[in-house]
Number of protein chains: 2
Amino acid sequence: MGATIFDVAKHAGVSIGTVSRVLNNRDRVHPKTRERVLKSIEALNFSANAYARGLANQQTDTLGLVIPQVNDSFYFEIVRGVEDAATEAGYRLLIASQPRHSEEHRYLDLFQRSYVDAMVLVAIDVHIYELREVIDRGVPVVLVHQNIDKSVPSFQADNFGGGREITQHLIGHGYTRLAYITGTDHTPDNRDRLRGMRDALNSSGLSLEETNILAGDFLPGSGYRAALELMRRPELPHAIFAANDQMAVDAIKALREHGLRVPDDIAVVGFDDVLMAQYVSPTLTTVHQPLYELGLQAAQMVLTTLQNQENVRSPALAPSVLLPTTLKIRQSCGCKG
Amino acid sequence: MGATIFDVAKHAGVSIGTVSRVLNNRDRVHPKTRERVLKSIEALNFSANAYARGLANQQTDTLGLVIPQVNDSFYFEIVRGVEDAATEAGYRLLIASQPRHSEEHRYLDLFQRSYVDAMVLVAIDVHIYELREVIDRGVPVVLVHQNIDKSVPSFQADNFGGGREITQHLIGHGYTRLAYITGTDHTPDNRDRLRGMRDALNSSGLSLEETNILAGDFLPGSGYRAALELMRRPELPHAIFAANDQMAVDAIKALREHGLRVPDDIAVVGFDDVLMAQYVSPTLTTVHQPLYELGLQAAQMVLTTLQNQENVRSPALAPSVLLPTTLKIRQSCGCKG
DNA sequence: CTTTCGTGTGAAAGCGCTTTTACAACCTCT
DNA sequence: AGAGGTTGTAAAAGCGCTTTCACACGAAAG
């Protein structure tokens with residue numbers, strides 16, 4: 001048990017009120033008194049109990065972060081961004097994770113008890129009315145990698161733009177017959193990437209045949225199966241665009257196992273730019289997502305909202321920020337590596 | 001602002017003390033009264049304020065976790081383990097990160113203010129006297145991937161055993177001239193892996209020549225340089241053991257760029273079993289570290305200590321747990337893939 | 001020399017909860 | 001029927017802090 005504000009007061013020969021005022025630079029305290037209090041704080045190695053403070057202040061300087069429970073570390077970059085923003089602003093970071101598509105939202109209760117001042121939700125399936133409840137309580141919320149309602153601010157990578165850009169790149173190679181391996185169907189990530197692909201094709205007078213859309217699920221295995229399926233066809237596409245790197249790598253594996261050369265016989269590209277993309281052979285052309293930035297900016301936004309208390313509950317200005325992706329040109333599309 | 005215990009009391013027609021007793025299953029409450037209180041809690045959607053509770057209880061059901069600020073996501077698996085253990089035990093997780101070798105320990109102050117009940121420190125350079133202060137305050141601490149003092153419990157991967165095992169495997173291939181690319185010199189990880197390697201060699205009547213120990217730093221780039229250095233020698237070693245996968249992959253890159261085939265001309269193995277090890281070509285033989293388990297068990301241990309308050313401050317029984325690593329045999333050592 | 005005003009500080013209430021203390025109400029014996 | 005035990009509950013103190021309120025003091029004004 002460390003020293004309390006009471007100990008400091010006694011040591012400095014003042015009242016606890018004065019110590020508190022020194023601590024918070026509230027009101028005016030005589031310079032000499034302040035000096036004395038500061039010395040006592042130093043001497044006793046005093047540090048104000050955040051919980052007592054939270055109770056008295058009705059705010060806790062704590063940011064709640066929810067991330068999906070995934071077995072890869074894809075989301076960790078986002079956490080780093082959020083952590084940096086929180087630390088920067090003098091906030092603590094309380095973390096909860098939960099299964100990606102769980103209906104039960106433990107963290108909502110957790111965060112309510114813990115009185116987090118704001119929340120960042122990463123790729124979490126949540127209903128708008130649950131969020132409204134939180135927001136109406138004065139706790140600003142921001143979504144990352146998810147966008148369920150216009151009234152809740154969100155930060156996402158520009159999946160559409162990324163999908164379009166990488167498709168344009170494939171078209172630039174002269175490929176006209178393209179195939180797409182989908183992610184889980186209902187996710188906006190998957191849909192937007194596909195939309196981007198279609199947009200690029202259409203702009204070039206090309207189109208994506210329905211039969212060249214292969215069902216995948218973002219997980220390893222489905223990329224492999226999709227490639228097998230394509231190889232059963234009389235005619236191979238020129239290039240495959242997989243909704244994420246994991247499936248792209250898997251597809252390449254299947255193709256090579258059947259004697260096809262990538263990118264010479266068929267090009268394959270992915271999405272995400274996971275670390276591994278640089279190390280597979282051939283190195284994988286893909287779209288980089290600004291994960292760190294996403295986390296950083298989302299957290300900064302929500303903390304700023306908090307500081308300008310005014311508009312927390314105003315659904316009016318809920319920006320939906322799209323951060324640009326970057327095309328990472330490597331070997332698997334046919335470019336020199 | 002949610003309902004308070006006072007609101008519940010009024011709604012149920014009892015005193016707040018009774019509500020508290022129901023909440024904590026303390027003392028006996030008449031079944032009928034309990035029922036009534038429970039209903040009111042339900043009706044008002046009441047959830048006890050964790051901060052008020054923390055203040056009254058002098059404990060906060062919060063576990064503090066410190067992880068190094070690294071730009072790769074290597075430590076994320078540990079975080080998952082810790083998070084699972086915390087959730088399981090009904091604890092919240094407060095996360096702080098800091099530069100790997102920073103002298104300044106923000107988190108100590110942070111955690112003191114926040115009154116975390118226990119702390120898990122991952123790969124953090126910290127002085128024993130700083131920890132003693134914390135521990136003497138009754139906050140149990142456990143170290144992961146670090147072991148600064150016998151009086152503080154720690155969880156580590158068995159780097160020695162892992163280094164020995166993979167070296168034995170190389171020897172089994174018939175390789176006798178081995179080289180080692182070091183990590184940052186002073187880390188125990190690096191030292192133990194090297195010790196393990198030496199041990200295996202000595203047991204087979206072999207030895208590691210000093211000139212075959214190349215200075216690396218765990219970072220990409222140094223593996224590349226070390227391989228270049230080796231290729232300048234009149235005679236190549238049969239195999240290279242790099243202190244981590246990153247450097248191993250980099251070394252392979254350098255070797256291949258100079259026309260050497262891995263593993264035919266020279267074998268290369270790593271340590272860590274990062275995700276990428278499965279995707280490089282050739283796939284990388286390496287040592288898997290039980291990261292999730294490390295985090296899980298460390299957190300479980302520290303929370304158990306907390307529950308059996310007795311021995312928190314007793315330096316007597318501070319177990320130093322070594323979790324076994326697993327050899328991941330892939331292609332880069334010369335085995336069939 | 002009294003009145004007014006600003007300045008600095010102490011006393012005390014309150015944040016939401018846990019826990020101790022005290023005491024009614026009801027039983028169970030003799 | 002009264003003494004002695006249980007049981008269930010209310011009342012109140014306390015956790016460490018912030019903040020309001022009031023007030024003492026000295027300076028400026030009348």
Side-chain angles (χ1 to χ4, degrees), chain A residues 1-38 40-41 44-62 92 109 111-117 137-138, chain B residues 1-38 40-41 44-62 92 109 111-117 137-138:
Chain A
M1 205 46 161
T4 74
I5 199 175
F6 195 81
D7 301 325
V8 174
K10 186 147 61 180
H11 187 275
V14 298
S15 77
I16 59 170
T18 302
V19 177
S20 175
R21 275 185 287 262
V22 170
L23 246 36
N24 301 289
N25 290 316
R26 189 85 56 198
D27 300 339
R28 25 174 95 270
V29 176
H30 193 99
K32 267 190 169 168
T33 314
R34 152 169 280 115
E35 186 71 14
R36 204 145 34 88
V37 171
L38 252 22
S40 298
I41 288 176
L44 299 174
N45 188 25
F46 165 81
S47 186
N49 181 328
Y51 281 60
R53 216 168 198 175
L55 234 206
N57 276 339
Q58 299 294 72
Q59 65 158 52
T60 58
D61 294 342
T62 302
R92 282 184 231 67
D109 187 49
F111 284 173
Q112 184 183 154
R113 293 169 186 277
S114 302
Y115 276 53
V116 298
D117 291 347
R137 216 185 300 126
Chain B
M1 206 47 160
T4 74
I5 199 175
F6 196 81
D7 301 325
V8 174
K10 187 146 61 178
H11 187 274
V14 297
S15 78
I16 59 170
T18 302
V19 178
S20 174
R21 276 183 291 263
V22 169
L23 246 35
N24 300 289
N25 290 315
R26 187 87 54 196
D27 301 338
R28 24 174 97 269
V29 176
H30 192 98
K32 269 192 169 169
T33 314
R34 152 169 283 114
E35 186 71 14
R36 205 145 34 89
V37 171
L38 252 21
S40 298
I41 288 176
L44 299 174
N45 189 24
F46 166 81
S47 185
N49 180 330
Y51 281 61
R53 212 164 201 179
L55 233 205
N57 277 339
Q58 299 294 72
Q59 65 157 51
T60 58
D61 294 340
T62 302
R92 283 185 231 68
D109 188 49
F111 284 172
Q112 184 183 156
R113 294 167 184 277
S114 302
Y115 276 54
V116 299
D117 291 347
R137 215 186 299 126

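Residue numbering restarts at 1 for every chain, and letters A, B, ... go by the order of the sequence lines. What's counted below: heavy atoms across the whole structure, side chains too, no hydrogens, waters or symmetry copies.
Contact detail for B:Thr18 and B:Val37: the closest heavy-atom pair is CG2-CG2, 4.5 Å. Smallest separation of non-hydrogen atoms from A:Ser40 and A:Ala12: OG-CB, 3.2 Å. Between B:Ser20 and B:Ile5, the closest heavy-atom pair is N-CD1, 3.8 Å. Nearest heavy atom pair, residue A:Arg36 against residue A:Gly13, reads NH1-O, 4.2 Å.
Between the CZ atom of B:Phe6 and the P atom of D:dA10 there is a distance of 12 Å, rounded to whole Å. Atom NZ in B:Lys10 sits about 15 Å away from atom C1' in C:dG16, given to the nearest Å. Counting to the nearest Å, the C1' atom of D:dC17 and the CG atom of B:Asn49 are 14 Å from each other. The CZ-P distance, from B:Arg53 to C:dC17, rounds to 8 Å in whole Å. Atom OH of B:Tyr51 is separated from atom C1' of D:dG14 by 21 Å (rounded to the nearest Å). A straight line from CG of B:Asp7 to P of C:dC15 spans 11 Å, rounded to a whole angstrom. Rounded to an integer number of Å, the gap from CZ of B:Arg36 to C1' of D:dG8 is 12 Å. With rounding to whole Å, A:Ile41 atom CD1 is found 16 Å from D:dG16 atom P.
The side-chain contact (heavy atoms from CB on, under 4.5 Å) search around A:Thr62 returns A:Thr60, A:Arg92, A:Leu94, A:Val116, B:Tyr51, not counting sequence neighbours. With sequence neighbours excluded, the residues satisfying side-chain contact (heavy atoms from CB on, under 4.5 Å) with A:Arg53 are A:Leu23, A:Asn24, A:Ala48, A:Asn57, B:Arg113.
Contact check, B:Gln58 against D:dG16: a side-chain N or O comes under 4.0 Å of OP1 or OP2.
For the pair B:Ile41 and B:Leu38, the minimum side-chain heavy-atom distance is below 4.5 Å. You'll find the side chain of A:Val22 stays beyond 4.5 Å of the side chain of A:Thr33, heavy atoms only. Side chains of B:Arg34 and B:Asn25 form a contact here, defined as non-hydrogen atoms less than 4.5 Å apart.
Of the candidates C:dT9, D:dT19, C:dG16, C:dG16 carries the atom nearest the B:Thr4 side chain, counting heavy atoms from C-beta on. With D:dT19, D:dG8, D:dC17 as the candidates, the nucleotide lying closest to the side chain of A:Asn57 is D:dT19.
B:Gln58 contributes atom CD, which lies 10.5 Å from atom CG of B:Asp117 (distance to the nearest 0.5 angstrom). Between A:Glu35 atom CD and A:His30 atom NE2 the span is 11.0 Å, to the nearest 0.5 Å.
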> What string of B, S and - do you get for nucleotides 22-27 of chain D, 5' to 3', when a contact is any protein heavy atom under 4.0 Å?
Replying inline: ------
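When the C1' atoms of four end pairs are superposed on the next four at each end of the helix from C:dC1-D:dG30 to C:dT30-D:dA1, using five pairs per end, the two resulting axes differ in direction by 60°, to 10°.
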>> B:Asn49 vs B:Thr4, test: side-chain contact (heavy atoms from CB on, under 4.5 Å). Steps then yes/no.
In response: CA-CA 8 Å; B:Asn49 180 330; B:Thr4 74; over 6 Å; no
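For residues 12-20 of chain B, proximity to DNA chain C is found at B:Ile16, B:Gly17, B:Ser20, defined as any non-hydrogen atom under 4.0 angstrom from a strand atom. The stretch residues 23-32 of chain A touches DNA chain D through A:Asn24, A:Arg26, each having a heavy atom under 4.0 angstrom from the strand.
Counting atom types as modelled, A:Arg21 pairs a side-chain N or O with a base atom of C:dG10 as donor and acceptor under 3.5 Å.
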